[in-house]
Amino acid sequence: MKKTILQIAKYYYPVEGGIETVTKYMAEGLNNFEHVIICFSQDGITRMDTVNGVKVYRIAPSIKVSSQDIAFTYYHYLRKIIYEEEPDIILLHCPNPFLYPITAKLAPRDTKLVLLWHSDILGKGILYNFANHYERKILKKADLILATSPNYIHPSSPIYNFRDKIKVVPNGIIKKEFQWKKGDEKTVEEIRNKYHHKKIVFFVGRHATYKGINYLIEAEKLIQSDCVILIGGRGPETERLKAITTSDRIKFIGRIPNEYLRCYYYASDIFAFTSCTKQEAFGIALAEAMYCGSVPVTFTIEGSGVNWVSVAKQTCEEVPLGDVKAYAAAIDKLLNDNDLYMQYATAGKERIAKMFTSEKSNTQAKAIFKALLE
C-alpha cells in the first residue's frame, strides 16, 4: 500500500507560478506515494476537485493581509483532512506564515513533518515580527527541511540554525514544456519579425520590487547595441515601471500564455534576470531560459540559489548587485562576442538538463522521503 503525502501549498494548478510548478510536479511525479493537496482557492469557493488524479482541497480565504491569504475555517478543514487522509508525510511549502502555527499544532506525532523552504520571508516588517515566533517553532518541530540550493543554507536565513536536518532538493523545469515543438519555428520567426530582427533582451516574471526590473530600465540607457527589450508579465509594480520608462526600445508585452513562453525564450538572445534580493531563492524562469538557449545576465545575490543555477563565466555574465553600468556592459559584451555567447548558451542548456529538471528533483526527493520514513 502506498504511503500518503499531504502537501500544504498556497495555490495549486491551474494557478501559475514557481512554487505552484514544483508542487504540481512533485504531486504527479512522486508516483510511489499517494498525494493530497490543500491550498487556498482563488474564486472564493471552498471545494475539493481532482487534477490529473491528485485530490485537491481548495479553501476560500476570508481576508488577505500583506499578500497573505487567511481563512478562518482553515484549522477546521486541515484537521478534518489529516484525520480522513492519515498522511505519512506532511509537506509544507514555505513561506506561508499563517499556516505555521496551525500546521505545528495539527501535525500528528507519528506523521513526518517536512518543510520545503522556497524562500525566507523578506520585507514584511511588523508582520514578520509577529510571525517570527511561529516560524522558529515550526522549524524546530520539523523532521526535515528541504532547501532548494546549498547557497540558501546561509547565516542570513532562519534555516541556518537547523542545518543538521537540512537536505538539498533543487527545483526543476518540466522539460517537455520547453522542448522545441512542431510549429515553434513559425512562432519564433513571427516574434523576431515583429521586432525587425533586432537582438532581443527578454525579461519575464512578476512585476515586484525584488525582481529588479527598474535596474533593467536604467541599464537600457547605457546599452550601445541595437536591440529591443521585452518585459513580459505583470504585477503590482507594472504601472510604476511604465511611468519611469522613456525609451521606445523597451516594450511591455504583458502576460505570456504558457504555450508561447518557450518561443519567447528561443527568440531572445539575452535573458535579463535582474532579481536583486534573496526573495529570489532559485529562479525557475532562469533555468527555463537557459534550457532554451537564452544567455542570462544576473546580479550577485549573497545567500541566493540564483548564482548556483547559473554560474558566472560558465553559463552567464554576473555583475555586482545593483551595478547598472556593469549590467549594460555585460549585455553589450554578449551581443558582440558570438563565440562567448555560444559557449555560455551550450553550457547553460547542458547544466539545466543535467541538474535542474523535475525528473532529477523527484528522484532526489523520493530517496530522501524513503529514508525519512524508514
Side-chain angles (χ1 to χ4, degrees), residues 1-13 15 18-40 47-59 74-96 99-118 137-148 159 162-176 356-374:
M1 184 176 177
K2 289 183 178 180
K3 303 287 187 180
T4 298
I5 296 178
L6 171 62
Q7 290 196 59
I8 302 176
K10 189 173 183 180
Y11 305 115
Y12 193 70
Y13 183 84
V15 179
I19 295 176
E20 288 72 31
T21 295
V22 174
T23 307
K24 183 174 183 287
Y25 74 59
M26 291 185 79
E28 296 183 4
L30 294 173
N31 46 27
N32 54 331
F33 291 93
E34 294 290 343
H35 291 269
V36 179
I37 309 291
I38 180 171
C39 63
F40 291 105
R47 66 187 187 282
M48 190 278 285
D49 55 21
T50 301
V51 180
N52 294 335
V54 178
K55 193 184 295 184
V56 182
Y57 293 90
R58 304 182 195 267
I59 312 302
Y74 204 101
Y75 183 95
H76 162 75
Y77 283 110
L78 182 58
R79 181 174 61 181
K80 183 173 183 289
I81 291 165
I82 289 173
Y83 176 77
E84 291 177 351
E85 302 291 346
E86 298 182 324
D88 300 277
I89 295 173
I90 291 177
L91 175 61
L92 174 60
H93 293 267
C94 305
N96 206 331
L99 298 180
Y100 293 165
I102 295 174
T103 306
K105 184 172 178 60
L106 291 178
R109 289 187 177 183
D110 58 349
T111 299
K112 299 295 185 182
L113 176 59
V114 179
L115 308 181
L116 180 40
W117 203 264
H118 294 277
K137 190 172 181 180
I138 201 160
L139 283 165
K140 186 175 180 180
K141 183 180 176 69
D143 297 284
L144 175 67
I145 302 163
L146 299 178
T148 58
I159 66 175
F162 301 89
R163 56 194 180 277
D164 58 323
K165 55 182 178 182
I166 296 177
K167 301 285 186 184
V168 175
V169 176
N171 292 338
I173 68 164
I174 301 174
K175 253 192 334 185
K176 65 181 180 181
F356 303 116
T357 67
S358 58
E359 292 88 352
K360 297 285 184 182
S361 179
N362 282 338
T363 296
Q364 293 178 48
K366 280 180 185 179
I368 288 170
F369 291 158
K370 181 181 177 183
L372 179 66
L373 292 174
E374 287 175 350

TODO: For the residue pair D88 and K112, establish whether any side-chain heavy-atom pair is separated by less than 4.5 Å.
DONE: no
TODO: Identify the heavy atoms of A104 and K141 that sit nearest to each other, and give their distance.
DONE: O-CE, 3.0 Å
Task: Between E85 and Y57: side-chain donor-acceptor atoms closer than 3.5 Å - done: yes
Open item on the list: So for atom NZ, which belongs to K2, do other residues, nucleotides or ligands contribute more than 12 heavy atoms lying within a distance under 6.0 Å?
Closed with: yes
- [ ] Inspect the surroundings of NZ in K140 and state if more than 12 heavy atoms from other residues, nucleotides or ligands are less than 6.0 Å away.
- [x] no
Open item on the list: Can you confirm whether more than 12 heavy atoms, excluding those of F33, are under 6.0 Å from its CZ atom?
Closed with: yes
Open item on the list: Checking E20 now: which residues fulfil salt bridge (charged side-chain N to carboxylate O under 4.0 Å, His left out) with it, not counting sequence neighbours?
Closed with: none
Open item on the list: Using side-chain heavy atoms (C-beta onward) and a distance below 4.5 Å, is I173 in contact with Y25?
Closed with: no
Task: OG1 on T111 to CD on E86, rounded to 0.5 Å - done: 9.0 Å
Open item on the list: Any heavy-atom pair between the side chains of N52 and K24 that's under 4.5 Å?
Closed with: yes
- [ ] Taking all non-hydrogen atoms of both residues into account, name the closest pair between N362 and M26 and its distance.
- [x] OD1-CA, 3.6 Å
Open item on the list: Just verifying a value: how many Å separate Y13 OH and T23 OG1, rounded to the nearest 0.5 Å?
Closed with: 14.0 Å
Task: Option from V169, L92, T148, L144 for which side-chain contact (heavy atoms from CB on, under 4.5 Å) with L116 holds - done: T148
- [ ] Taking the side chain as every heavy atom from C-beta outward, state whether L113 and I138 have any pair of such atoms under 4.5 Å apart.
- [x] yes
- [ ] Calculate, to the nearest 0.5 Å, the distance between atoms CG and CD1 belonging to L115 and I159 respectively.
- [x] 9.5 Å
- [ ] For residues P87 and I5, determine if any side-chain heavy atom of one lies less than 4.5 Å from a side-chain heavy atom of the other.
- [x] no
Task: Heavy-atom side-chain proximity of D49 to Y12 below 4.5 angstrom - done: no
Task: Within 6.0 angstrom of K360 NZ, more than 12 heavy atoms from elsewhere - done: no
TODO: Could you pull out the closest heavy-atom pair between Y74 and C39, with the gap in Å?
DONE: OH-N, 4.4 Å
- [ ] Would you indicate whether the side-chain heavy atoms of K10 and H93 approach each other to under 4.5 Å?
- [x] no
TODO: Look up atom CD in Q364 and atom NZ in K167, then write down how far apart they are to the nearest 0.5 Å.
DONE: 11.5 Å
Listing, residues 366-374 side-chain donor-acceptor contacts under 3.5 Å, not counting sequence neighbours, or none:
residue: K366; atom: NZ; partner: N31; partner atom: OD1; Å: 3.3

Open item on the list: For E359, is the CD atom crowded, meaning more than 12 foreign heavy atoms sit under 6.0 Å from it?
Closed with: yes
Task: I145 versus A142, closest heavy-atom pair with distance - done: CG1-CB, 4.3 Å
Open item on the list: Can you give me the closest heavy-atom contact between I82 and P108, atom names plus distance?
Closed with: CG2-CG, 3.7 Å
